[in-house]
Structures are given as C-alpha cells and as structure tokens.
Amino acid sequence: MTDERGPEDAGDEPAELADWGAGWTAPPGLRAHTLEGARRRGLVKGRMMNNRGWWMGAALAAGVAFVAGVGIGTQRATSGTEIPVDTLPATRAASVEEAASPRYALFLFEDAAYQAPAANAMMERVKEYGGWAGDLAASGRFVTAEKLADDGSFVRLENGTLKARGPLKDAARGALTGYFVVGASSLEEAMDIARTCPHLKYGGSVEVRAIES
Amino acid sequence: MQPDRDPADLADRTLIDAYLASRSEAAFLCLYDRHADGMYRFAARLAGHGGTEPAEIVQEAWLRALERLPQFRGGSSLRTWLCGIVLNRWREVRRGEARDHRLMLIGGTDALRPAPPAPPAREHALVLERALATLPAGYREVLLLHDVEGYTHEEIARQFDIVEGTSKSQLHRARRALREALGAREGERA
C-alpha cells in the first residue's frame, strides 16, 4: 500500500487514530482453530512432521518466480512501459532454448538423518532454500525444478502380476523428495552447484546425473 | 514499479507458491503467522472491540483466502487483499447473513478466551473508541481503511466498487463526523 494522500488529506486525520487498537493481537487459540477449520475443508493436508520437503517447494517457487519475473519484465519492457533499468534482473535464468548446453539433474533425498526445522525455524529454512534457488536462477543456471509429493506408488511385474508398493525409500538415501535441473558446463561444475545446496548441511543428500541430449 | 519487487511481497509470493504447491499446514502457518495479527487488529477495529467476534471473522476470512489464493495475482499486497476479505466478512456478519453458521466453524470459542488485552486504556483512546462507535459503519470503514490501514483511495474505490472521488469525499465527511463526535464527547466530559 503506497501513500497517495494528497494535500486535501494531509494532517486532516484526528490525532491518535492511527494508534487506536494497536495493542490488539490475535488470540493464541485462533491459530489452532483456523488450522482445524482449514483441515476440515480440505485446504491443508498432511501433518507438519510427516510432510517432507515442503520448504523445498518454496525454494522451487523462488526459482520459478525469478524466471516469471524476468518474463514479466521483458513483456513490460517490450510493450513500451517504462521500467527503471536497475529494477530488472542483471542476469536471467536459463531458458528451454538454451537446452543445448549440458544439463544436469540434481535429485534431492531425505532419510531419517535429515534435520527437519523446528516449527519456529521454518521461515528461516524457507528463506535459505529460496535464496539458494534464487541465486541459481540469477546466475542463469536454473532450468526447472519440481517437488515430489510424499505419496505415490512403485509398480513392477512379478511373474506376470502387477505389484505395487508405496514410494520406495532407498536404504542408503531415503526418500526422493524432488529434483532440480541446472545448466552446467561439466559434471564437476554441476557437483559444485550441488555442494552449495542447503539440503546437504541438514543431512539430506543430492544425486547428480547428467541429462543425455 | 513492479509490485513484486517489495521484499515483503516477494516473501509472501514465495510462501503462497509454497502453500499452493504443497497445501501443507506448515506453509499455511507461515502465512498465518505473518498476517494474522494485522487481520485481527483490523477486524477488532471494525467491530470496535477485541474478543471472539473479530476472531471468528478472521478465521472465516483465512479459510476463504485459502480457497481463493490460486486466483491471487498480486495486484495488491497480500495484506491488502486479506484485509479486503476480512472487511467483506465483517459486512456479512453485520448484516446478519452469517448468523446461522458463524459458530459452527469455530467449534466452540472457549479456547479463544481470555480475550486479548485491550489497547492501552488511555483516556483519549477510550474517547476516540466511543466516538468511532457512534459513526455510521461506512464512515468507520473508510476511516479505518485509509487512516489506519493505509489503503489508497484507488484501493478503497476498488474494494467498494466506487470511483476514487467518492472515496475522497467519503473520507472527508467521515473525518468531519469523527471530529464532531469527538467534540461532543469532550463536551460531555467538560
């Protein structure tokens, strides 16, 4: 909200109006009530502790939002709307057209060793993952990313019969929770990108695989 | 200027995308923790008091906001958008439209008590509160939106589906009415 008050508005409001009621805060119980209401209407799903990797969704969103922001900026710039140069990103994310350069998939896994954030530290974790993805996008190496849901099924034929099980948890790596696709000139560079992923310092693991073109 | 360049808007957009991607309660609670106090304060100011009524309004406003978040395009800040939903809900409650199901959602209001502490009970604040209570609801709404919540006339006009000039003249009349009400209160005390 920007202040567009003109001269006819300035200084006209009764004193103390802006401060009136500033001491009111939401009752502590409202948080749980609202969450329960959201659950009943199917607006939230899962419980905080068994819904792995949700903050990665924020990281992915940051990367996607960066790309989208570039797109919006480009459209506005080409449509003649004046945009200050310094509000546009200095670099841009990799585009599909640039897919001729080598691409690598970074698969993110979580097992029991992964240190999930405490409830009061989630915002910080979101910012950390989001910042990492945003930096990746700013350097032009972000191609795409997807968060995988916790549920799913693994199917195979055994003696002609289709067998299905829940999402496989690799004994060594845990559950696959999502992936990034990045542009890099070599496997070594892709590994360097993976090393900076916050996922590692919290006990997660990242598998780096070249995408064959 | 691109509206999403504001760091707060970027943080909101990131959390909205995280919520929409996962529908997880943790993502929702991050949004809730950022905006619930502001929504509650706005609802309490509309109602003229704290307690369970503004809490019910805010709870229902959140549920509607979650339903409509996929359509939120960032034309205004998330805070402005959420306060708009609070305002619509407040108007419904005031008209009595929602009387039948207001308390069903909340599942009982005991957990919402004790009511949050009242604003500092300075004498002038009480006079102001009583004066505001005497204003027609439309005057109180435009005063709160513009002078307290910081809405622009453009945003108020969009909210009420009126032209900006009407918002400005309404604000002018509301301020005059408040000054007169304050004067009457001060006169009573003298």
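Side chains included, hydrogens not; waters and symmetry mates left out as well; all remaining heavy atoms used. Each chain gets a letter, A, B and so on, in the order the sequences are listed, and its residues count up from 1.
- When the candidates B/Arg45, B/Glu67, B/Arg41 are compared by the number of heavy-atom contacts under 4.5 Å with chain A, B/Arg45 comes out ahead.
- Rounding to the nearest 0.5 Å places CD of B/Gln59 at 10.5 Å from CG of A/Leu35.
- Looking at B/Tyr19, only its side chain comes within 4.5 Å of chain A, counting heavy atoms on both sides.
- Neither the backbone nor the side chain of B/Leu20 comes within less than 4.5 Å of any heavy atom of chain A.
- Of the inter-residue distances, the one linking A/Thr34 atom OG1 with B/Tyr32 atom OH reads 4.5 Å to the nearest 0.5 angstrom.
- Looking at heavy atoms from C-beta onward, A/Trp24 lies out of side-chain contact with B/Pro54 at the 4.5 angstrom threshold.
- Scanning both residues, B/Leu66 and A/Ala38, for their nearest heavy atoms gives CD1-CB, 3.9 Å.
- Put simply, CG on B/Asp33 and CZ on A/Arg31 are 4.0 Å apart, with the number rounded to the nearest 0.5 Å.
- Distance check, rounded to the nearest 0.5 Å: OG1 of B/Thr52 to NE2 of A/His33 gives 10.5 Å.
- For B/Asp37 (side chain) and A/Ala26 (main-chain N/O), a donor-acceptor pair under 3.5 Å exists by modelled atom type.
- Of the two parts of B/Leu69, neither the backbone nor the side chain holds a non-hydrogen atom closer than 4.5 Å to a non-hydrogen atom of chain A.
- Heavy atoms from other residues, nucleotides or ligands lying under 6.0 Å from CD of A/Glu212 number 12 at most.
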